[in-house]
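Starting from 1, each residue takes its place in the sequence as its number. Worth knowing before you read on, the calculation uses all heavy atoms, side chains too, and leaves out hydrogens, waters and symmetry mates. When a ligand or atom number is given, it counts from 1 through the structure's own listing order.
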Amino acid sequence: MPTGKKPAEGTEKRSGRRSSLTVRDNRTGGEYEIPIERGAIRALDLRQIKASETDFGLLSYDPSFQNTAACQSGITFIDGDAGLLRYRGYPIEELAGRKSYLEVAYLLIYGRLPGRTELANWLHNITYHTMVHENVKKFMDGFHHDAHPMGMVVSTLAALSTFYPEAKQIHDSEIRQRQIHRLVGKIPTIASFAYRHSLGMSYIYPDNDLSYTANFLAMMYRPSWTARYDSDPVLSKALDTMFVLHADHEQNCSTSTMRTVGSSLADPYVASAAAAAALYGPLHGGANEEVVRMLQEIGTKDKVPQLIRQVKAGKRRLMGFGHRIYKNYDPRARLIKEAAESVFAITGKNKLIDLALALEKVALSDDYFIKRRLYPNVDFYSGIIYQAMGFPTDIFPVLFAIPRMSGWLAHWQEMLMDQEQKITRPRQIYTGPRERHVPEEAT
Ligand code: CMC
């Protein structure tokens, strides 16, 4: 049995102490020294810990990846205890309102804020790719009139894969960049088509003279191609800020899905369709829709205590509250609350905001939420702003997917460049029958 193993090469020395973990296997008495790098041990280092020669070796069991880092990433930093969020090192508070969504998308994907020429080229490339093939329209026409827009977006993203077979060449940098331009450029067009399809209205083509969000608002709300529509600049700016706040959030469910599907070397259209499908769920990007439905259901402040009782009794969740990483106020929720003021100045106050504030106040002073460190997350206030801006409730998850596309693509590209990454393939602990045999048929 192995005892007193030497630390692997590269084990850091800090203050005269080895940066390693000594593990004693009480089954065998074996002792192992496992290096600690960047606050983590490598799960594969556990494999050497065996109960017998024929033993497979120790696995770590981590359902839902609550304490497992699946990659090293230089894109987004979150300190959940302190309530900090940074994209490529820049605090979210400095980016929101000061940099446009497309500048932030560039930052996420390429690692630096664009210079003047880089930005001009980037904007050109995105606007050049906002159009969709006419057959995409026909494809979308096939959906039932009451299809959920997120279902249409998920399916249409996947369908784009059939329009751009070159996208399979994921190791070709130039081809990869073209798909990035297409996905960032086309997702608002697809989103607006999904919305207009549900209303039976003709689709509005992109107007490349407009900004990313002004163009999106025009594609959503312009009554017809011949009619004029000028979005309020305050609203298109507020939407742009919302997009900045939603652009990335490290290894969340949809981004991990993007990486997982991308790790099989699938093209970015099907990978982002899978990511969008993951985002659709009510525990992830679908939560903004659920928050507004919940607030509408309770209707008045006097119903808040009853809702809190139901939540504490485990009958339902308080949507827009809680986060796997944040155990403090989600900084995005704070910024959204501030952005709400500028929106309400134009649209008039959404009466749900007072209800949401009352609910937040009660929840934040209640032991149940304090003990579990449950705070409002990004989705608690976003739906209220979107509703004030005139967006229908079922488009809210789509409004999350549009900016998250840049985060997904940044992670997809980072994953492809990372020499350590292979096809994602978690282990399992088998708990089924050991071996059984099919009984002989009675003759
Ligand atoms: N309402 C009531 N109780 C909650 C809530 C909530 N919203 N969130 C967590 N809890 C309780 C949960 O019941 C558990 O209690 P106990 O220890 O007694 O069993 C404890 O808090 C820990 O919860 P968890 O489910 O183990 O936490 P998680 O990290 O697995 O889940 C979450 C994170 C976001 C899925 C969860 O907080 C939740 O369901 N929130 C509501 C949905 C929501 O707002 N989602 C949007 C997340 S932010 C946008 C995004 O990035 O997707």
Any luck finding a side-chain donor-acceptor pair between [X] and [Y] under 3.5 Å?
{"X": "Arg373", "Y": "Tyr326", "value": "no"}
{"X": "Arg404", "Y": "His246", "value": "no"}
{"X": "Ser236", "Y": "Thr213", "value": "no"}
{"X": "His284", "Y": "Asp379", "value": "no"}
{"X": "Tyr205", "Y": "Lys137", "value": "yes"}

With rounding to the nearest 0.5 Å, note down the distance linking CG in Asp394 to CZ in Arg293. 6.5 Å
Ligand 1 polar-atom proximity to protein (N/O, under 3.5 Å):
from: ligand 1; atom 1: 1 (N); to: Leu318; atom 2: N; distance (Å): 2.9
from: ligand 1; atom 1: 3 (N); to: Tyr368; atom 2: OH; distance (Å): 3.0
from: ligand 1; atom 1: 7 (N); to: Leu318; atom 2: O; distance (Å): 2.7
from: ligand 1; atom 1: 7 (N); to: Phe321; atom 2: O; distance (Å): 2.9
from: ligand 1; atom 1: 13 (O); to: Arg317; atom 2: NH2; distance (Å): 3.3
from: ligand 1; atom 1: 15 (O); to: Arg372; atom 2: NE; distance (Å): 3.1
from: ligand 1; atom 1: 18 (O); to: Arg372; atom 2: NE; distance (Å): 3.0
from: ligand 1; atom 1: 18 (O); to: Arg372; atom 2: NH2; distance (Å): 3.0
from: ligand 1; atom 1: 25 (O); to: Arg317; atom 2: NH1; distance (Å): 3.1
from: ligand 1; atom 1: 25 (O); to: Arg317; atom 2: NH2; distance (Å): 3.0
from: ligand 1; atom 1: 29 (O); to: Arg324; atom 2: NE; distance (Å): 2.7
from: ligand 1; atom 1: 30 (O); to: Arg324; atom 2: NH2; distance (Å): 2.9
from: ligand 1; atom 1: 39 (O); to: Arg317; atom 2: NH1; distance (Å): 2.8
from: ligand 1; atom 1: 40 (N); to: Phe321; atom 2: O; distance (Å): 2.9
from: ligand 1; atom 1: 44 (O); to: Gly320; atom 2: N; distance (Å): 2.8
from: ligand 1; atom 1: 44 (O); to: Asn377; atom 2: ND2; distance (Å): 3.0
from: ligand 1; atom 1: 45 (N); to: Leu283; atom 2: O; distance (Å): 2.9
from: ligand 1; atom 1: 52 (O); to: His284; atom 2: ND1; distance (Å): 2.4

